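These notes concern the structure reproduced below.
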Amino acid sequence: MAYTVFVLEVESGREHALPADAVTVDEPVREGCGPLVPLGFRSRDDVFYVRHERWPELEGRALRVRELARTSPRP
């Protein structure tokens with residue numbers, strides 16, 4: 001997917017770029033993980049987890065969608 005979403009680790013504030021179709025879950029545990037939600041559907045207030053072999057460094061780390069930089073409207 002060509003659409004990228006920037007996420008921040010809740011504890012460290014480190015930023016990561018992930019595809020919007022990356023699957024996220026509400027809990028860090030594997031059993032009974034709850035609904036699977038594509039990253040592109042997460043709101044900025046959600047805290048979520050990504051579990052995929054492409055991002056093993058994010059395993060168990062709480063994430064949030066980064067707030068977009070505010071820009072002035074185009075004339």
Side-chain angles (χ1 to χ4, degrees):
M1 175 171 248
Y3 183 58
T4 300
V5 177
F6 291 92
V7 298
L8 297 173
E9 291 182 32
V10 172
E11 288 188 22
S12 70
R14 289 191 341 220
E15 184 177 81
H16 305 275
L18 300 175
D21 62 352
V23 176
T24 66
V25 293
D26 294 332
E27 300 292 329
V29 296
R30 288 202 178 272
E31 299 81 26
C33 64
L36 303 175
V37 179
L39 177 56
F41 288 97
R42 290 288 183 176
S43 74
R44 288 188 307 224
D45 297 330
D46 286 351
V47 174
F48 55 88
Y49 300 84
V50 174
R51 283 198 307 262
H52 195 280
E53 59 271 1
R54 285 179 60 189
W55 306 288
E57 70 278 6
L58 298 178
E59 182 82 27
R61 296 185 189 222
L63 302 170
R64 284 187 188 263
V65 173
R66 183 190 82 185
E67 187 171 341
L68 297 175
R70 299 195 186 270
T71 59
S72 354
R74 293 182 182 197

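Computed from a predicted structure; not experimentally measured.
With sequence neighbours excluded, the residues forming a side-chain contact (heavy atoms from CB on, under 4.5 Å) with Val23 are Leu36, listed by chain and number. Scored by the salt bridge (Lys or Arg N to Asp or Glu O under 4.0 Å) test, Arg61 finds Glu9 as partners (sequence neighbours excluded). Not counting sequence neighbours, the partners of Glu15 by the side-chain contact (heavy atoms from CB on, under 4.5 Å) test are Phe6, Leu8, Arg66.
Gly60 and Pro28 get closest at one heavy-atom pair: CA-CB, 4.3 Å. Looking at every heavy atom in both residues, Tyr49 comes nearest to Glu27 through CD1-C, 3.6 Å. For Arg51 against Val25, the heavy-atom pair with the smallest separation is NH1-CG2, 3.4 Å.
The closest donor-acceptor contact from the side chain of Arg64 to the backbone of Asp45 lies under 3.5 Å.
When the side chains of ILVMFWY residues are joined at heavy-atom separations under 4.5 Å, either directly or via intervening members, Tyr3 and Leu18 end up in a single hydrophobic cluster.
In the displayed structure, Glu57 atom CD is contacted under 6.0 Å by more than 12 heavy atoms of other residues, nucleotides or ligands.
Two residues are said to be in side-chain contact when any heavy atoms from C-beta on lie closer than 4.5 Å; Leu39 and Val65 meet this criterion.
Atom NE2 of His16 is separated from atom CG of Leu63 by 6.5 Å, given to the nearest 0.5 angstrom.
The hydrophobic cluster containing Val47 also includes Val10, under a criterion of side-chain heavy atoms closer than 4.5 Å among ILVMFWY residues, counted directly or through chains of members.
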